[in-house]
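Just so it is clear, the values below take in all heavy atoms, side chains as well, and ignore hydrogens, waters and symmetry mates. The first residue of the sequence shown is numbered 1, and numbering continues consecutively from there.
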Amino acid sequence: MFIHLVKSRTLVYAFAMSALGVFLVATGGRVTDITVPLRLVPSAYLLALATYLYNDITDYRTDAVNARKTVHSLEGTKKAITVQYTVAFFTISILLAFSINIFSGLASVAFAGLALAYSHPRTHLKDMFVVKTAVTGGGAFIASMMGCLASGEFSLLGFMASLIAFLFYFILGPLGDISDLKGDKEAGRRTLPIIIGIRKSFIVMIIATFTILSIFVLANLLLGISRVGEITGIAISGFIITRIILASKRRSDKLELSRCRKMIRYCVFACQVALLLGTMMWF
């Protein structure tokens, strides 16, 4: 059952990798205590996994009506066990975060609170226009900041790296919504492409990418990261813009949108590598 739950949400690794990436950026790649990342990665991973599982649990009835085959389209005992695992994942992840330091622990509590507000029937932030994307990005930001805070002190460069993770969800979110446009319209959902249109949604993605690019420029001007890091970040941003433009020309091709989203998801980590290079190289 545990393996089944883990396999059902493989994409949550992104939150753990983002937390680790920001930790390395904040420390400049100098890890003095190897147990910190060994606790940080599973903490961020289990937080994200529990968040997605809780979301599926709250959507259980909707998924059953729509005949969606998710891991939580379960009955009786299996569903109860899933709930127990979700609670255990939240608990273990928060305890691991507090074992690093109090600030990482508080960040994990904030992440869990945001996760509950996102899916809980009373708040259901995921059904609110723009709020859905902002909250998802906020989760990525907090998970990344766990890595920054795990370094033992606040790092402005770590904050910038976390902000980049937040901005990526204003690219990945609309891309996914455009792909699901037909189903979302039938379900009466108020996503970005439905409210402002597909063309303007692509413009939002490009603005978010230019903001990421500007962060690399500011990191060089204000924090002195190397030109290697800055140029690498600018090149990655240029690649993202190119992919977005190509996807906009084939917006009706779901497979193309899926490929574009997958490539851009990897760019989150590429940006963190660029910032890390910026801290480790002097030219």
Side-chain angles (χ1 to χ4, degrees), residues 11-32 36-37 40-41 44-45 48 107 133 136-175 204-247 259-283:
L11 289 179
V12 300
Y13 77 87
F15 290 86
M17 294 304 295
S18 186
L20 177 62
V22 173
F23 172 77
L24 293 174
V25 169
T27 59
R30 295 180 292 274
V31 181
T32 57
V36 172
L40 174 65
V41 171
Y45 176 82
T133 304
T136 307
F141 174 79
I142 294 173
S144 300
M145 281 301 295
M146 284 176 62
C148 177
L149 297 170
S151 67
E153 58 183 31
F154 179 81
S155 163
L156 184 55
L157 191 60
F159 175 83
M160 286 182 169
S162 302
L163 187 58
I164 288 174
F166 170 79
L167 289 167
F168 262 101
Y169 279 85
F170 282 87
I171 304 171
L172 297 171
L175 268 177
V204 168
M205 296 180 221
I206 291 175
I207 291 173
T209 308
F210 271 110
T211 306
I212 292 170
L213 186 153
S214 67
I215 288 176
F216 281 98
V217 175
L218 288 173
N220 173 258
L221 295 175
L222 301 179
L223 302 179
I225 71 165
S226 71
R227 295 289 291 177
V228 170
E230 180 189 18
I231 292 171
T232 304
I234 292 173
I236 294 167
S237 301
F239 170 78
I240 295 170
I241 291 171
T242 302
R243 289 297 297 146
I244 291 172
I245 292 173
L246 290 174
R259 286 174 183 160
C260 179
R261 200 163 183 249
K262 186 176 182 180
M263 286 183 181
I264 292 176
R265 187 180 293 115
Y266 291 137
C267 289
V268 180
F269 313 123
C271 284
Q272 293 176 345
V273 170
L275 286 174
L276 183 59
L277 287 174
T279 63
M280 298 178 70
M281 295 184 174
W282 58 270
F283 56 90

**Q.** Heavy-atom neighbours of Phe154 CZ exceed 12 at 6.0 Å
**A.** yes
Q. So how far is it from Leu222 CG to Ile215 CD1, rounded to the nearest 0.5 Å?
A. 11.5 Å
Q: Check each of Leu213, Asn220, Ile212 against Phe216 using the side-chain contact (heavy atoms from CB on, under 4.5 Å) test, and report the only one that passes.
A: Ile212
Q) Closest approach of Leu276 and Leu24, non-hydrogen atoms and distance? A) CD1-O, 3.4 Å
Q. Which heavy atom of Ala19 sits nearest a heavy atom of Ala143, and at what distance?
A. CB-O, 3.3 Å
Q: Sequence neighbours left out, what passes side chain to side chain contact (heavy atoms under 4.5 Å, CB included) with Val273? Give chain and number order.
A: Leu277
Q: Find the distance between CZ (Phe239) and OH (Tyr266) and round it off to the nearest 0.5 Å.
A: 12.0 Å
Q) Minimum heavy-atom separation for Ala44 to Met146, with atom names? A) N-CE, 4.4 Å
Q. Which atom names give the shortest non-hydrogen contact between Thr232 and Ala274, and what distance separates them?
A. CG2-CB, 3.7 Å
Q) What do the steps show when you test Leu275 against Ile225 for side-chain contact (heavy atoms from CB on, under 4.5 Å), and what is the final call? A) CA-CA 7 Å; Leu275 286 174; Ile225 71 165; 4.2 Å; yes
Q | CE-CZ distance between Met280 and Arg30, expressed to the nearest 0.5 angstrom | A | 8.0 Å
Q: Measure the spacing between CE of Met281 and CZ of Arg227 and express it to the nearest 0.5 Å.
A: 15.0 Å
Q: Check the pair Val31, Phe23 against side-chain contact (heavy atoms from CB on, under 4.5 Å), reporting the backbone distance first and the verdict last.
A: CA-CA 9 Å; Val31 181; Phe23 172 77; 3.9 Å; yes
Q | Residues which pass side chain to side chain contact (heavy atoms under 4.5 Å, CB included) with Val204, listed by chain and number, not counting sequence neighbours | A | Leu192, Ile196
Q) Which pairs, with at least one residue in residues 141-154 and sequence neighbours excluded, count as a salt bridge (charged side-chain N to carboxylate O under 4.0 Å, His left out)? A) none
Q: Calculate, to the nearest 0.5 Å, the distance between atoms OG and CD1 belonging to Ser237 and Ile206 respectively.
A: 12.5 Å
Q | Set of side-chain hydrogen bond (donor to acceptor under 3.5 Å, both in side chains) partners for Arg261, sequence neighbours left out | A | none
Q) Do the ring planes of Phe141 and Phe159 sit parallel (below 30°), tilted (30 to 60°) or perpendicular (above 60°)? A) perpendicular
Q | Result of checking Ile264, Thr242, Ile236, Ile240 against Thr209 for side-chain contact (heavy atoms from CB on, under 4.5 Å) | A | Ile240
Q | Approximate separation, where rounding is to 0.5 Å, of Leu218 CG and Glu230 CD | A | 9.5 Å
Q | Residues that Ser18 engages under side-chain hydrogen bond (donor to acceptor under 3.5 Å, both in side chains), provided they are two or more places apart | A | Ser144, Gln272
Q.
So Val217 and Ile234, do their side chains get closer than 4.5 Å, heavy atoms only?
A. yes
Q: Compare every heavy atom of Ile244 with every heavy atom of Cys260, then report the nearest pair and how far apart it is.
A: SG-N, 4.5 Å
Atom pairs and distances, donor-acceptor, side-chain atoms in residues 162-175, under 3.5 Å, two or more places apart:
| from | atom 1 | to | atom 2 | distance (Å) |
| --- | --- | --- | --- | --- |
| Ser162 | OG | Met145 | N | 3.4 |
| Ser162 | OG | Gly158 | O | 2.9 |

